[in-house]
Amino acid sequence: MIFNDLHPKSRVWLYISSLTLNNNSKDKIVKLFDDFSFSWKSHGKSIDGRIKLIENNILIVGAGYLGTDMCGRSVDSQV
């Protein structure tokens, strides 16, 4: 699994950029996600968010949430 520390039933999204991300862009994306994930919730429960950048154009977001279903608003907010 991409995120070894998340439950196997966690949700994962894969984004592929047509642009090559430089180190500055990657650092900015990670910082923005870290700030966002601190308050990421679904149905009032915290979501354990993870991010991983592969190569210079692949972004993977993981959501460790074991509630019944993540609400659409929480799924949309990570985009």
Side-chain angles (χ1 to χ4, degrees):
M1 185 160 172
I2 286 268
F3 301 103
N4 293 327
D5 57 340
L6 290 181
H7 190 277
K9 292 189 177 186
S10 297
R11 296 193 63 180
V12 175
W13 295 267
L14 174 72
Y15 300 98
I16 300 173
S17 172
S18 60
L19 303 174
T20 299
L21 300 171
N22 61 32
N23 287 338
N24 188 39
S25 295
K26 291 190 282 187
D27 290 344
K28 187 173 184 177
I29 289 168
V30 169
K31 168 77 169 105
L32 288 169
F33 184 81
D34 287 345
D35 292 346
F36 161 76
S37 68
F38 182 73
S39 60
W40 196 13
K41 294 184 186 299
S42 178
H43 302 290
K45 293 173 66 177
S46 292
I47 297 172
D48 184 14
R50 296 283 192 275
I51 190 171
K52 184 174 275 192
L53 291 152
I54 299 176
E55 299 297 325
N56 292 319
N57 66 333
I58 300 172
L59 171 70
I60 303 168
V61 174
Y65 179 78
L66 299 179
T68 53
D69 282 321
M70 285 179 66
C71 68
R73 180 178 284 167
S74 66
V75 171
D76 291 346
S77 67
Q78 58 89 17
V79 175

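Note that this is a predicted model, so its numbers are computed, not measured.
Taking both residues in full, the closest heavy atoms of Ser42 and Asp69 are given as OG-O, 3.9 Å, listed atom of the first, atom of the second, then distance. Heavy-atom minimum distance, Ser10 versus Gly64: OG-CA, 3.5 Å. The nearest pair of heavy atoms linking Lys41 to Gly44 is CD-O, 4.1 Å. Residues Glu55 and Lys26 share a closest heavy-atom pair of O-NZ, 3.6 Å.
Remark: Ile58 CD1 to Leu53 CG distance equals 10.0 Å, nearest 0.5 Å. In this structure, CG in Leu19 is found 9.0 Å from CG in Asn57, a value given to the nearest 0.5 Å.
With hydrophobic clusters built from ILVMFWY side chains whose heavy atoms lie under 4.5 angstrom apart, Ile47 shares a cluster with Val30. Leu32 and Ile51 are not part of a single hydrophobic cluster, where members link through side-chain heavy atoms under 4.5 Å apart. Under the 4.5 Å side-chain contact rule for hydrophobic residues, Tyr15 and Met70 share a cluster.
A salt bridge links Lys31 to Asp35: one of the charged nitrogens lies within less than 4.0 Å of a carboxylate oxygen.
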Inset, instruction - Please test Arg50 against Asp5 for side-chain contact (heavy atoms from CB on, under 4.5 Å), starting from the C-alpha separation and ending with a verdict. - result: CA-CA 9 Å; Arg50 296 283 192 275; Asp5 57 340; 2.8 Å; yes

Inset, instruction - Starting from the C-alpha separation in whole Å, work towards a yes-or-no answer on side-chain contact (heavy atoms from CB on, under 4.5 Å) for Leu14 and Ile60. - result: CA-CA 5 Å; Leu14 174 72; Ile60 303 168; 3.5 Å; yes

Inset, instruction - Check the pair Trp13, Val79 against side-chain contact (heavy atoms from CB on, under 4.5 Å), reporting the backbone distance first and the verdict last. - result: CA-CA 10 Å; Trp13 295 267; Val79 175; over 6 Å; no

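Checking side-chain atoms of His43 against main-chain N and O of Lys45 turns up no donor-acceptor pair under 3.5 Å.
Taking the six-membered ring where tryptophan is involved, the planes of Trp40 and Phe33 are perpendicular, since the angle between them exceeds 60° and thus also 30°.
A 4.5 Å side-chain heavy-atom check between Asn22 and Asn56 finds every atom pair outside the cut-off.
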